[in-house]
*Asks:* 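Dumping the structure here so I can ask a few things about it.
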4 protein chains.
Amino acid sequence: MATSTKRNLKENAIIDAAEKVFSEQGFANTKMEDVASEIGISKGTIYFYFSSKENLYMAITYRAFQALIDTFYESVEATKDQSGLEGLVGLMKSFIAFSEKNFLYSEAMLDFISFVRSTSNGVLDEKITDAMKVSSYYERVRDIQNIPISIFLKEIERGRKDGSILNKQKPELIYLYAWANVLGFVKLNATSGKKTSILKVEITDWRNYIIRHTRKMLTDPDA
Amino acid sequence: MATSTKRNLKENAIIDAAEKVFSEQGFANTKMEDVASEIGISKGTIYFYFSSKENLYMAITYRAFQALIDTFYESVEATKDQSGLEGLVGLMKSFIAFSEKNFLYSEAMLDFISFVRSTSNGVLDEKITDAMKVSSYYERVRDIQNIPISIFLKEIERGRKDGSILNKQKPELIYLYAWANVLGFVKLNATSGKKTSILKVEITDWRNYIIRHTRKMLTDPDA
Amino acid sequence: MATSTKRNLKENAIIDAAEKVFSEQGFANTKMEDVASEIGISKGTIYFYFSSKENLYMAITYRAFQALIDTFYESVEATKDQSGLEGLVGLMKSFIAFSEKNFLYSEAMLDFISFVRSTSNGVLDEKITDAMKVSSYYERVRDIQNIPISIFLKEIERGRKDGSILNKQKPELIYLYAWANVLGFVKLNATSGKKTSILKVEITDWRNYIIRHTRKMLTDPDA
Amino acid sequence: MATSTKRNLKENAIIDAAEKVFSEQGFANTKMEDVASEIGISKGTIYFYFSSKENLYMAITYRAFQALIDTFYESVEATKDQSGLEGLVGLMKSFIAFSEKNFLYSEAMLDFISFVRSTSNGVLDEKITDAMKVSSYYERVRDIQNIPISIFLKEIERGRKDGSILNKQKPELIYLYAWANVLGFVKLNATSGKKTSILKVEITDWRNYIIRHTRKMLTDPDA
DNA sequence: GATGAATGAGATTTCATTCAT
DNA sequence: AATGAATGAAATCTCATTCAT
């Protein structure tokens, strides 16, 4: 176990470094050498822990889902004494904050969804598929990818039971709508760099507007 | 003019081919050779027409903006006898349809925005910047990139004047909200290929829901 | 003959252009396109007149030898009433002035000598050799390359007869010595660009020194 | 140090190979692949040690200056008990021998001078400039390029003090004159390969003549 | 004669991955 | 475990030359 722990420590240190440089330069523009030198080890060492660059990215993806799940659970915990509506609004706020803070995570999760969907269609080229398949993290991510969704759906359920959510749409549709909103917001935001406004709109105003709108949507029986 | 036309024809044929293979394989995974063989010419010929791969992508980006503008104008024309609200809803429908049909265009436009922002921040690496700067299409895109926005904003104005749009938010905020929605929707759909559902939700239902919601937002004086 | 003249005119215009751009950018850095656009014609047209880039350079080489020969004859003519020594010093001055004015010519003649010597050793790679061999100018240059030398040697002969040249070395040795001096002077000079001094030495002083020294060498029976 | 030495060994082995093939085929005609296969390694390995082809050439240039400096110091050492005149004649002999033996070195040094001059004029194209600038060898060469000159000038100084050198010209002028002589001699000999004569002149005779003449020049108070 | 679009071999360079130590 | 030298496939791009019009 000592060995295992040590190994984990190193593995995590590498993932930390990878997150940093991938965030700064993007996945495609980052060389394994960059990741290695960020943490002061050699390229070869990375390959001892990760079978490929893709696999390293998959490890980040796993972290992303884990972190989102943690964030969601914390949010649920924090609003458990409030209505389901507030729980869901809380999830939304957490989701936005999470994605803004971790753009890389946001992208990684999206890439994973794309990847899974594309491979199930047999569209993607085999090389990448193979690289992914041998990834020890691939299965792990598959196992947890749906947890955020189920948390979200559960809160909708709760809100419906306690009468705070009146929207009658399929819960999954509400989730998709919410996710798309967050995703679009974050994507467009990412292009604005350090700026606090885009198209003359304060980003804070925009963020608030999304929340307000979500609340409206959830409480509208005709929405 | 004959010469000019001929040149344009070829140029367009190359862009056609590039769109096809970029769409299928992605920009990074596509070699210039792939584009060339798609259309049955040699690599060198492409470089005769386009100074770099980036430039070729910029040509596609130009097309993307042009196509979106055309789509917007057509939509405006089609709804000119209806209220401003209907005009805006029409734009929204067009926007979604456009993005679903042309995922590559959607990505290209987003990349361009990112690019402009990052260069104005001096963040991007010089090599790409240079390649872009010499692009004859770069300036063209800069010139037209804001036209879709202004069309959108004009319809909001019209709707406010004729009383069909009651939402009091900044027009730019509405645009951003709408764009984010479309973007998120398209991104999540991107690789679904032939699939008609996601998370058990029919994509058609989702699409309709976005439209319905947009309408609600626009007619709500408190939204 | 009308045709022939017309052809010659065009040919010469192309060589003029080539001289200009080769001088400015160097042979290797110059594209056929550069030569063509310099004179406002198409690349294809150049190939109608010259079978290859090498051949075009060979045409310049031919001009170089012709020009040197002309320069030498003029010098000889100008000093025919003076001693052989003065004739030789005159040649030397002409040689230097010629080389300074026409660095490209100087290089071209040197390249030709190198080429001939290397091919007679079978050292040079075959591709270049073939390109050269089909050159219509190649033979022409071969025919006249030794004329400058023989002019030079004749003046030495004359100077010895009239007692103005006392140096007893082989005439060819004197020629080589003189040529090397001019060549080295011009080469080092070329690196100084527009500057009128190099290593704190005024180029004019250096030039004069070479002349003075040549005179000394020629009049010294022990040199 | 073991690592450093090992790296240096390989680096030098690559430079050795590059010298060989550049000498045989010329810089422009040589592919990195040629250099690699000469030493039985892969292209990539060369790029691991040298960032570009230019950089590799710059390494050779550095060697060239180093070798000339070594040669000069050895010559100075060997003649330190003799007069300054003999010291200078010794340098001259060494210079000639050095340049004959290392034509590539001779060219490299000349190219470097050209390069520095042209960049200080802002003439050279940017691509090469950049490639050169990142060269770790570039700075090294800049640091040592003037050492040969100063050694030469010092010997002139010494000869003047001990009365063996009577020539009153500027030392720099003498250096230029000498250098031009060597350069011209070497250039004209360059491709003669195994040949021992040119224009019916034994190269040995020519070489001796240059030396004799240098001596005459140095001892002539009116030269 | 002239054009310039088209070619395609080949050049430099990059970088994920391997492997001997 | 760790290293980092070595690999080599592949990518972008260049340009002398050809050839249909």
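Note on naming: letters A, B, ... go to the chains in the order of the sequence lines (proteins, then strands), and numbering restarts at 1 for each one. What you are looking at is a predicted structure, and each value in this text was computed from that prediction instead of being measured.
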*Asks:* Answer yes or no: does a side-chain N or O of B:Tyr47 lie under 4.0 Å from OP1 or OP2 of F:dC15?
*Replies:* no
*Asks:* Under the side-chain hydrogen bond (donor to acceptor under 3.5 Å, both in side chains) rule, collect the residues that match up with B:Tyr49, sequence neighbours excluded.
*Replies:*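 B:Tyr49: no side-chain hydrogen bond (donor to acceptor under 3.5 Å, both in side chains) contacts found.
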*Asks:* Would you please confirm or rule out a distance under 4.0 Å between OP1 or OP2 of F:dA5 and any side-chain N or O of D:Thr45?
*Replies:* no
*Asks:* For E:dG1 versus F:dT21, give the span between their P atoms, rounded off to a whole number of Å.
*Replies:*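 One P to the other, the span is 22 Å.
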*Asks:* For the pair made of NZ in D:Lys10 and P in F:dT3, what is the distance, rounded to whole Å?
*Replies:* 20 Å
*Asks:* Both A:Met32 and D:Lys53 contact DNA chain E. Taking the nearest nucleotide for each, which residue is further toward the 5' end?
*Replies:* D:Lys53
*Asks:* Could you tell me the separation between the CD atom of C:Glu33 and the P atom of F:dT18, rounded to a whole number of Å?
*Replies:* 17 Å
*Asks:* Expressed as a whole number of angstroms, how long is the span from C:Met58:CE to F:dA16:P?
*Replies:*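 Going from CE in C:Met58 over to P in F:dA16 covers 17 Å.
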*Asks:* Can you sort out the partners of B:Ser42 under side-chain hydrogen bond (donor to acceptor under 3.5 Å, both in side chains), two or more places apart, ordered by chain and number?
*Replies:*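 Only B:Thr45 meet the side-chain hydrogen bond (donor to acceptor under 3.5 Å, both in side chains) criterion with B:Ser42.
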*Asks:* Output the distance between atom CG (A:Asp111) and atom CG (A:Leu104), rounded to the nearest 0.5 Å.
*Replies:*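 The CG atom of A:Leu104 is 9.0 Å from CG of A:Asp111, to the nearest 0.5 Å.
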*Asks:* In whole Å, what is the span from the CD1 atom of B:Ile46 to the C1' atom of F:dA11?
*Replies:*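 So the two atoms are 13 Å apart, to the nearest Å.
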*Asks:* Considering only heavy atoms, which members of residues 37-44 of chain A lie under 4.0 Å from some atom of DNA chain F?
*Replies:*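 The answer is A:Ile41, A:Ser42, A:Lys43, A:Gly44.
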*Asks:* Over how many whole Å does the gap from A:Phe50 atom CZ to E:dT18 atom C1' extend?
*Replies:* 18 Å
*Asks:* So which atom in C:Ile46 and which in C:Leu56 form the shortest heavy-atom distance, rounded to 0.1 Å?
*Replies:* CG2-CD2, 4.4 Å
*Asks:* Holding to side-chain hydrogen bond (donor to acceptor under 3.5 Å, both in side chains), I want the full list of residues that pass it with B:Gln25, two or more places apart in sequence or in another chain.
*Replies:* B:Thr30
*Asks:* Could you state the OH-P distance from B:Tyr57 to F:dT12, rounded to the nearest angstrom?
*Replies:*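 Distance check: B:Tyr57 OH to F:dT12 P gives 15 Å.
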*Asks:* Please determine whether a side-chain nitrogen or oxygen atom of B:Tyr49 lies at a distance below 4.0 Å from atom OP1 or OP2 of E:dA6.
*Replies:* yes
*Asks:* Whole Å only: how far is the CZ atom of A:Phe48 from the C1' atom of E:dA16?
*Replies:*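 Answer to the nearest Å: 19 Å.
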*Asks:* Could you tell me which residues satisfy side-chain contact (heavy atoms from CB on, under 4.5 Å) with B:Tyr47, sequence neighbours excluded, listed by chain and number?
*Replies:*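 Partners of B:Tyr47 under the side-chain contact (heavy atoms from CB on, under 4.5 Å) test: B:Met32.
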*Asks:* Counting side-chain heavy atoms from CB outward, which of E:dA16, E:dG10, F:dA11 is closest to D:Lys31?
*Replies:*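 Comparing E:dA16, E:dG10, F:dA11 against the side chain of D:Lys31, the answer is E:dG10.
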*Asks:* Take the protein atom CD1 of B:Ile14 and the nucleotide atom P of E:dA5, then report the distance between them rounded to whole Å.
*Replies:* 11 Å
*Asks:* Name the stems that DNA chain F belongs to, where each is three or more consecutive Watson-Crick or G-U pairs with both distances under 3.5 Å?
*Replies:* E:2-21 with F:2-21
*Asks:* Pair C:Asp16, C:Arg63 - check salt bridge (Lys or Arg N to Asp or Glu O under 4.0 Å), show working.
*Replies:* CA-CA 10 Å; C:Asp16 287 343; C:Arg63 271 200 186 179; 2.7 Å; yes
*Asks:* Hey, what do you get for CD (A:Glu38) to CD (A:Glu24), rounding to the nearest 0.5 Å?
*Replies:* 6.5 Å
*Asks:* Which value, rounded to the nearest 0.5 Å, describes the distance between A:Tyr62 atom OH and A:Tyr105 atom OH?
*Replies:*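 Here the rounded value is 12.5 Å.
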